Every structure is written in C-alpha cells, then in structure tokens.
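Read through the structure below, which is laid out as structure tokens, and then see the notes.
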Protein chains: 2
Amino acid sequence: MARTKDFDEAEVLNKALCLFWHKGYNGTSMQELVDHLGISRSSLYDTYADKHSLYIKSLEFYQNNSRHKMDDIAANATSAKEAITQLFTLMTTELLTDDQQKGCFIVNSEVELAPHDPEVRLIIRRNESQIEDILVAVIQKGQESGEIANKQDARAIARFIFNAVKGMRVSAKLTTDKAFFNDIIKITLSVLD
Amino acid sequence: MARTKDFDEAEVLNKALCLFWHKGYNGTSMQELVDHLGISRSSLYDTYADKHSLYIKSLEFYQNNSRHKMDDIAANATSAKEAITQLFTLMTTELLTDDQQKGCFIVNSEVELAPHDPEVRLIIRRNESQIEDILVAVIQKGQESGEIANKQDARAIARFIFNAVKGMRVSAKLTTDKAFFNDIIKITLSVLD
DNA sequence: ATCAAAATCCTTAGTTCTTGCCATGCCAGA
DNA sequence: TCTGGCATGGCAAGAACTAAGGATTTTGAT
C-alpha cells in the first residue's frame, strides 16, 4: 500500500559496481555515485543503507555473476582441457577488451580492502574456495580420463591455475598487450600435458 | 650557511612507505602521516612537497630496494635454478612473515592507481621491464648450460614466472597458509624441468 | 668573538573543499 | 489516507594544504 520503486535495483547496483570497480572503494565518493546512478541521494541511502553496504552488495553481485559464468563453462564443456581453455579465454578477453582497464573487481577488493575489512575478506574467501572447487572438479575429471597429466595433485594444479589468472588480472591494469598474455597462458597450460 | 636537517630523509621516507603500503594511497591521510613520521607537518611539506610527491618517492624507494635485492641474488647465485628458487623464497618469506599482510607495494599501487596515475604507471612499467630482464638473463644462462629446458622462449618463461609471483602477492593479502603457496610454487617451478 | 642571514625546526590556527550522512517536506500510488 | 519513494538543503567531520610566529642551528661577514 505504498509507492513502487521507480528504478531497477539490480541495474543501479550494476552501475555502482562499475564505479567501485573502476576507482576503488576509497577512490569513489558518494557524490560520484549520486551523479552516475541516476537516482537521488535519499533513494540511494534508503535502498542501500550506506556506502559500505553498497560496496558489499556490489561485490556479492559481481561474485555471483562470475561464478555462474564459470559454472556454465564447467558444466557444458565437452572435455576438461576445453573447459580450462574456455575459462582462460573468458577471463582474458574480459580483461583485455575493457578500455578502462578495471581488471578484476575481486582482485581489486582483495588488494585494497581485504586486510582491513572482515566482510570483504569473507566474500573473497568464499569466492576463492568456490573457484578452486570448480577447477578441482574439472581437473579431476580430466585426470581420470587421462586427458590431463596425473602426476600432480588436482587441488595443487587448481591453485596454480587460479594463481596465474590472478597475476594476469593485476597485469591487465597496466597493459593490454596480447603477446604478453599469450606467453603466460601458453606456458601455464603446458603444465596440463 | 643554514641549519642542517635534524632527521634522516630516507628513514622518514621508509615510514611513509610503510603507511602507504599498508593502507594504500587513498586510505592514508596526511594527518596519519604527520602522526607516524616523527616530524612536524611543516617539515613534511617542506621536504616532500605534497602527498602525491611523497607517494611517488616512496614507490621509487621501494622499487629500488627490491630491484637491488634481486640483482644481488641474480649476480651471486651459483646456478640458474638456484637463482630462481632463491628469488621465490625471498619474495614469499617477505610476503608470509608480514603480520600486517601488506603484500607487495608495487602490486598494490598497480591495482589502486595505475589506470589513473601516469607517474605511477611509468614507475611500474620500468619495474616490470627491469624484473623481466633480470629473469630473462638468468633463464638464458640456465638454458645455455642445459640446466633449464630449452623448449620455451626465455622471455615467455620470465613472464610466466613473474606472473606467478604477482598472483601470490595478491593472495598474500588474504592468507598466509604455507601449504597453499607451496602448491603453487612447486608446479610453477616444474616448468623449468 | 660577534652578529646578521639563511635555512631548518615546531606549534597552532585557519582556509577551502569534500566527505558521508541525515532531516524535512512533498508527492505518488495502493 | 497513509505508507514509502523522491527531492532538496544542510550539517559536522575530515580532507589537503597554507600561513603565521617563534625557536634553533649553521654559515659567512664584520
């Protein structure tokens, strides 16, 4: 028995996410958010409580999206190696085609806030283990079918792979040189042979 | 014909570096710096001009220190593999023994400021190529002596190695679990065989 | 030796702008 | 009609930086 919201919450959240992603938590002011979200200051505070809550919601939004993408690939790929290759290309194209060079929002949050912010830490830890588990499952399947070299522990390989991705997500802040990333990807994937 | 400085500029710069390293550029206020550096506000501004200049000087200071450490290892190691192993242990122990979990100051700067700050970008690019060159030299020597597998391009291997280090420097913000890092290091180094 | 000048030191206060957040009041819709 | 979204203006604190004033230490000229 009250007025309905004029805006789409998810849509606005996505805009907030883009700003935080691009400029970081401390680098983004509430005024900037007000200017870019298309809603008023009061609506912003009514809907998302305060700056920190808005950031947390943005981070969770981003994390869910990227996990779903990975899940899809893992579920639909025909082979383990293809799955991993697809995951790599998914992430790198996302990194390299962004002319703002925002990198990865989770890595950004991890570097800027993880040591100081328990809530951020919790989300990133959850993300970490989810991604790791997805990779472990894929790798184990590949090892059972003989597609992937069996000599290393699957979890160790998963951590190794994910670590390489993290490195590239940092480098994407500085360069978009494809040759640079191809060098890294080629050798990283060679471990699976 | 004037009074000499009472404090050691490098020492104070190191304190500033520690603050920026721990809390980032936007997360550190001038008031905090005044409180922790042991010199007065006016001395701070007289000596280092402004906040941004102080940050740049801190970054250059850090970059020079870490490069010198790497140079020493590269120059004194008896073999290529030993050099790389030493570089890895140098960096990881530095990362894992820090109870503040500051990570790597260059990676932190790259993530927080590189897309927005041309001066920071320049310093990090220089660092990038210097480290890469050190690694290339070590790897080439190892390949010539047959100690390192020759099948891959030396620069590609260098980029791969450095990329793995970057990944770990991000993860160090969240965890200090040695088993986690050992998994990554073991597989990363296996590429050299 | 003495004194003036220059450069450093510190304290304190102030300026200006931005920060995150809130209180009031109006208005739309169930 | 009355709940809740929306717009406006404002507030207290914090941001970076500056200015004023006095004390101290070094140098060079007298």
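A quick note: this is a predicted structure, and the numbers were derived from the prediction, not measured. Residue numbering restarts at 1 for every chain, and letters A, B, ... go by the order of the sequence lines.
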**Study point:** side-chain hydrogen bond (donor to acceptor under 3.5 Å, both in side chains) against A:Ser43, all qualifying residues, sequence neighbours excluded
**Key:** A:Ser40
Check your understanding: Quick one: side-chain hydrogen bond (donor to acceptor under 3.5 Å, both in side chains) partners of B:Glu128, sequence neighbours excluded?
Key -> B:Lys166
Is the backbone N or O of [Y] less than 3.5 Å from a side-chain atom of [X], with the two atoms forming a donor-acceptor pair by type?
| X | Y | result |
| --- | --- | --- |
| B:Arg155 | B:Asp133 | no |
| B:Thr47 | B:Leu44 | no |
| A:Asn163 | B:Ile184 | no |

Result block: side-chain N/O donor-acceptor pairs under 3.5 angstrom for residues 105-116 of chain A, not counting sequence neighbours:
from: A:Asn108; atom 1: ND2; to: A:Trp21; atom 2: O; distance (Å): 3.3
from: A:Asn108; atom 1: ND2; to: A:Lys102; atom 2: O; distance (Å): 2.8
from: A:Ser109; atom 1: OG; to: A:Tyr55; atom 2: OH; distance (Å): 2.7
from: A:Ser109; atom 1: OG; to: A:Phe105; atom 2: O; distance (Å): 2.8
from: A:Glu112; atom 1: OE1; to: A:Tyr25; atom 2: N; distance (Å): 2.9
from: A:Glu112; atom 1: OE2; to: A:Tyr25; atom 2: N; distance (Å): 3.4
from: A:Glu112; atom 1: OE2; to: A:Asn26; atom 2: N; distance (Å): 2.9
from: A:Glu112; atom 1: OE2; to: A:Asn26; atom 2: ND2; distance (Å): 3.4
from: A:His116; atom 1: NE2; to: B:His22; atom 2: O; distance (Å): 2.9

Check your understanding: Is the shortest side-chain N to carboxylate O distance from B:Arg121 to B:Asp117 below 4.0 Å?
Key -> no
Exercise for review: Give a yes or no on whether a salt bridge exists between A:Arg169 and A:Glu94, defined as a side-chain N under 4.0 angstrom from a carboxylate O.
Suggested key: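 Looking at A:Glu94 together with A:Arg169, the answer is no, because their closest N to O distance does not fall below 4.0 Å.
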Exercise for review: Return the set of residues passing side-chain contact (heavy atoms from CB on, under 4.5 Å) with B:Asn14 (not counting sequence neighbours), or none when no residue passes.
Suggested key: B:Leu17, B:Phe61
Revision key, fill the gap. The side-chain contact (heavy atoms from CB on, under 4.5 Å) partners of B:Asp46 (sequence neighbours excluded) come to none
Distance, rounded to the nearest Å, where [X] contributes [atom1] and [N] contributes [atom2]:
| X | N | atom1 | atom2 | result |
| --- | --- | --- | --- | --- |
| A:Tyr25 | C:dT19 | OH | C1' | 11 Å |
| B:Glu32 | D:dC17 | CD | C1' | 17 Å |
| A:Glu9 | D:dG5 | CD | P | 9 Å |
| A:Gln31 | D:dG9 | CD | P | 13 Å |
| B:Met30 | D:dA15 | CE | P | 11 Å |
| B:Asn26 | D:dG14 | CG | P | 18 Å |

Exercise for review: Return the 5'-most residue of the pair A:Asp46, B:Thr28 with respect to DNA chain D, ranking by each residue's nearest nucleotide.
Suggested key: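 It is A:Asp46 whose nearest nucleotide is closer to the 5' end.
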Exercise for review: Keeping to residues at least two apart or across chains, list the side chain to side chain donor-acceptor pair (under 3.5 Å) pairs with something in residues 177-193 of chain A.
Suggested key: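 Counting only pairs at least two positions apart or across chains, the side chain to side chain donor-acceptor pair (under 3.5 Å) contacts touching residues 177-193 of chain A are A:Lys81-A:Asp193, A:Asp183-B:Arg159.
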Check your understanding: So which pairs with a foot in residues 30-45 of chain B pass salt bridge (Lys or Arg N to Asp or Glu O under 4.0 Å), sequence neighbours left out?
Key -> B:Lys23-B:Glu32
All N/O pairs under 3.5 Å across the protein-nucleotides 21-25 of chain D interface:
from: D:dT24; atom 1: O2; to: B:Arg3; atom 2: NH1; distance (Å): 2.9

Point to revise | salt bridge (Lys or Arg N to Asp or Glu O under 4.0 Å) partners for B:Lys51, two or more places apart | key: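 B:Lys51 satisfies salt bridge (Lys or Arg N to Asp or Glu O under 4.0 Å) with no other residue.
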Practice item. Examine C:dC9: is either OP1 or OP2 under 4.0 Å from a nitrogen or oxygen in the side chain of B:Lys5? Give yes or no. Key: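 Checking B:Lys5 against C:dC9: at least one side-chain N or O falls below 4.0 Å of OP1 or OP2.
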**Study point:** Interface residues of residues 49-62 of chain A with DNA chain C (non-hydrogen, below 4.0 angstrom)
**Key:** A:Asp50, A:Lys51
Identify each atom pair where a protein N or O and an N or O of nucleotides 1-3 of chain C are less than 3.5 Å apart, giving names and distance.
none

Check your understanding: Of the residues in residues 33-45 of chain B, which ones touch DNA chain D at a heavy-atom distance under 4.0 Å?
Key -> B:Arg41, B:Tyr45
